[in-house]
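Some notes on the structure that comes next.
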Amino acid sequence: MRDFYLMVDCNNFYASCERVFAPRLEGKPVVVLSNNDGCVIARSQEAKALGIVMGEPAYKRETFFARNGVHVFSSNYALYGDMSARVMQTLAGFAEETEVYSIDECFLLLRGLGTSSLLETAREIRRTVRKWTGIPVCVGLARTKTLAKIANRLAKKADGDGVRLLEDEADIDRILGDMDTGDIWGIGRKSALRLSSCGVHTALDLKNQADDWIRRQLTVTGLRTALELRQIPCIALEDTPPPARSLVCSRSFGTRIESLESLEEAVSAYVQRAAEKLRRKGLVAAAVQVFLETNRFQPGPRYAGSRCRALAAPTADTLDLHGPALEILRDIHKPGYKYQKAGVILLDLSPAGNRQLSFLEPHGEEKTRRDALMRVMDRINTVHGRGSLTLAASGLGKKSWHMRQERRSPCYTTSWAELPLVR
DNA sequence: TCTGGGGTCCTAGGACCC
DNA sequence: TCTGGGGTCCTAGGACCC
């Protein structure tokens with residue numbers, strides 16, 4: 001009775017979220033698009049069955065969607081984030097130690113249970129999450145996180161009951177023998193290609209390679225993965241997430257942008273959003289980076305610029321970050337290009353409390369007033385909706401750089417104005 | 001016309017130190 | 001015949017994840 005990792009993964013998460021509040025979509029093909037209504041990032045079973053591929057550009061499939069009665073949604077992260085929190089909160093009741101791995105995945109660590117209790121717990125998890133949140137999940141169980149991920153994939157296959165335990169060595173080898181290395185958690189396209197060129201094709205092949213060979217080919221991270229395939233735990237549960245090291249706000253534009261003025265508005269809006277996130281996490285940034293790029297899929301002149309700048313002192317104050325960010329933008333901007341995307345990255349993050357003070361930064365009364373201003377801005381934007389109070393620099397008129405979001409569902413659970421109605 | 005956004009970790013190589 | 005040996009820190013770039 002050793003430790004077991006459970007990987008709980010929500011089925012077709014974004015599509016399932018849309019369905020919770022629109023039961024008429026049950027049994028129908030549903031897809032959710034990325035920001036800017038760009039490409040397909042989630043598909044219901046029915047959509048998968050129609051042959052719709054993950055990551056496919058939506059514009060190439062418009063007529064196909066219409067012809068096949070596919071229900072198409074813009075992504076609604078307010079809804080998915082809130083539903084995710086509900087699922088994770090439910091899961092936290094089942095184990096002392098959990099790791100929220102992504103918006104739709106969670107590892108649980110269970111200690112000292114026999115096989116039958118493990119399986120019973122896994123089934124109970126499925127029932128409870130479905131009942132309390134409406135979201136269907138599958139559970140994979142194994143002695144390492146890497147194998148638990150694989151077990152979860154097996155659990156998702158239609159013929160099972162949504163739960164799969166991977167423990168028996170012969171069973172594991174049989175499964176790994178049927179699996180491409182690229183399907184292993186941590187082995188990406190490049191590594192898979194490289195392994196393949198050395199004659200290592202299946203997960204079982206990798207498991208059976210010599211340690212020093214694996215290390216040479218894939219570095220220590222790859223070796224850890226291989227050890228995990230041998231049921232030797234190397235990747236620990238991250239119960240308390242390490243503090244964030246960087247933070248990004250970037251968007252593709254709704255239309256291509258040429259004028260510096262519009263780019264300034266966009267970057268101004270992104271800095272404000274990034275600073276909000278920073279304050280919410282209780283962090284300060286010591287450096288800011290801005291990047292700008294043309295569409296990399298289109299023919300024609302291309303350009304990508306990026307520059308980073310250290311700040312006079314670490315800060316979470318929108319006004320301190322705003323000036324430097326716009327200066328960088330003017331530096332890297334080259335006229336004559338049609339830009340597609342820009343972003344702001346905050347770097348060298350540290351907790352707001354224990355930082356080195358500088359003579360250059362606002363202090364005393366000025367500092368107190370600025371902190372109060374930021375608190376008021378955040379409060380107003382929380383209560384009245386994001387973007388209610390902004391700097392004028394992000395523009396007052398119509399914003400051509402705003403991302404497209406033409407088919408967003410209501411924020412059923414996070415906006416009073418959009419609550420579902422029951423008749 | 002139209003192809004997402006937000007992260008982490010590892011390595012190599014250079015600068016610099018004693 | 002022969003050119004020390006280690007160490008740290010930083011950065012850029014690559015690879016990976018969802």
Side-chain angles (χ1 to χ4, degrees), chain A residues 7 9-10 12-14 31-42 53-65 72-77 80-81 84 99-107 145-146 149 152-153 181-195 215-225 234-236 238 241-256 270 273-274 277-278 281 286-287 289 291 293-300 304 306-308 310 338 340-349 400 403-407:
Chain A
M7 157 76 342
D9 190 330
C10 303
N12 317 322
F13 182 55
Y14 298 167
V31 302
V32 178
L33 306 181
S34 62
N35 270 333
N36 218 32
D37 292 346
C39 46
V40 175
I41 55 167
V53 177
M54 190 74 168
E56 245 182 329
Y59 73 88
K60 289 187 180 169
R61 284 289 212 164
E62 285 297 344
T63 48
F64 180 88
F65 291 157
V72 182
F73 290 90
S74 300
S75 37
N76 181 347
Y77 287 103
Y80 311 148
S84 171
E99 173 188 343
V100 177
Y101 178 66
S102 74
I103 194 163
D104 68 336
E105 291 167 285
C106 185
F107 287 106
K145 288 165 88 175
T146 305
K149 288 277 280 186
N152 186 281
R153 275 171 59 103
T181 56
D183 290 334
I184 305 168
W185 183 46
I187 309 289
R189 230 186 56 239
K190 297 271 183 179
S191 300
L193 219 58
R194 175 174 196 152
L195 289 171
R215 200 196 158 109
R216 257 199 323 278
Q217 298 295 327
L218 302 178
T219 81
V220 291
T221 48
L223 180 56
R224 270 186 219 127
T225 297
C234 295
I235 304 174
E238 278 185 5
R245 303 162 65 93
S246 65
L247 184 158
V248 178
C249 180
S250 75
R251 296 278 181 279
S252 295
F253 306 132
T255 57
R256 302 292 163 261
Y270 302 162
R273 180 72 192 118
K277 291 191 202 173
L278 194 62
K281 290 170 186 266
Q289 183 179 347
F291 67 87
E293 59 196 39
T294 53
N295 189 334
R296 60 187 192 284
F297 297 101
Q298 295 292 314
S306 168
R307 197 160 301 165
C308 179
K338 289 181 166 37
Q340 192 238 353
K341 180 177 179 176
V344 172
I345 309 178
L346 303 180
L347 300 148
D348 288 346
L349 308 187
S400 58
M403 66 177 176
R404 279 190 308 278
Q405 210 182 27
E406 285 160 7
R407 291 177 278 202

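Only heavy atoms go into these numbers, but all of them, side chains included; no hydrogens, no water, no symmetry mates. Each chain gets a letter, A, B and so on, in the order its sequence line appears, and its residues count up from 1.
In this structure, A:D104 contributes its side chain and A:F13 its backbone to no donor-acceptor pair below 3.5 Å.
Contacts of A:E238 with the nucleic acid, taken as non-hydrogen atoms under 4.0 Å apart, are absent. Within 4.0 Å of A:I103, counting heavy atoms only, lies no atom of the nucleic acid at all. Note on A:L218: nothing from the nucleic acid sits closer than 4.0 angstrom, heavy atoms only. If you check every strand for non-hydrogen atoms under 4.0 Å, A:E62 touches nothing. Across all strands, A:A244 comes closer than 4.0 Å only to sugar-phosphate atoms, never to a base (heavy-atom distances). As judged by a 4.0 angstrom heavy-atom cut-off over every strand, A:L33 is placed among residues making no nucleic acid contact. A:N295 comes within 4.0 angstrom of the backbone, heavy atoms only, and of no base. Heavy atoms of A:K338 sit nowhere under 4.0 angstrom from any nucleic acid atom. Among the atoms of the strands shown, only primed sugar atoms or phosphate atoms (P, OP1, OP2) are found under 4.0 Å from some heavy atom of A:S246. Residue-level contact check: A:R215 touches neither bases nor backbone, having no heavy atom under 4.0 Å from any strand. A:S75 comes within 4.0 angstrom of nothing in the nucleic acid, heavy atoms only.
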Exercise. Under the salt bridge (Lys or Arg N to Asp or Glu O under 4.0 Å) rule, what do A:E105 and A:K145 come out as? Steps first, then yes or no, please.
Key: CA-CA 12 Å; A:E105 291 167 285; A:K145 288 165 88 175; over 6 Å; no

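Going from the P atom of C:dC18 to that of B:dT3 covers 24 Å, rounded to whole Å.
Between A:Q298 and A:R245, it is A:Q298 whose nearest contact on DNA chain B lies nearer the 5' terminus. Nearest-nucleotide assignment on DNA chain B puts the 5′-proximal partner with A:P57, out of A:K281 and A:P57.
Between A:F65 and A:Y59, a ring centre-to-centre spacing not shorter than 6.0 Å is recorded.
Of all heavy-atom pairs between A:N36 and A:F253, the closest is ND2-O, 3.1 Å.
Boundaries of the chain A contact region on DNA chain C are C:dA15 to C:dC18, first to last in 5' to 3' order (nucleotide atom under 4.0 Å from a heavy atom).
In this structure, A:I345 CD1 and A:S250 OG are separated by 7.5 Å, a value rounded to the nearest 0.5 Å.
Scanning for salt bridge (Lys or Arg N to Asp or Glu O under 4.0 Å) contacts around A:E293 gives an empty result, with sequence neighbours left out.
At least one side-chain heavy atom of A:I187 sits less than 4.5 Å from a side-chain heavy atom of A:L195.
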Quiz prompt | Watson-Crick and G-U pairing of DNA chain C, under 3.5 Å, as dot-bracket with | and [ ] | solution = ....||||||||||||||

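No donor-acceptor contact under 3.5 angstrom links the side chains of A:E406 and A:S74, judged on distance only.
Between A:Y101 and A:W185, the ring-plane angle classifies as perpendicular under the 30° and 60° cut-offs.
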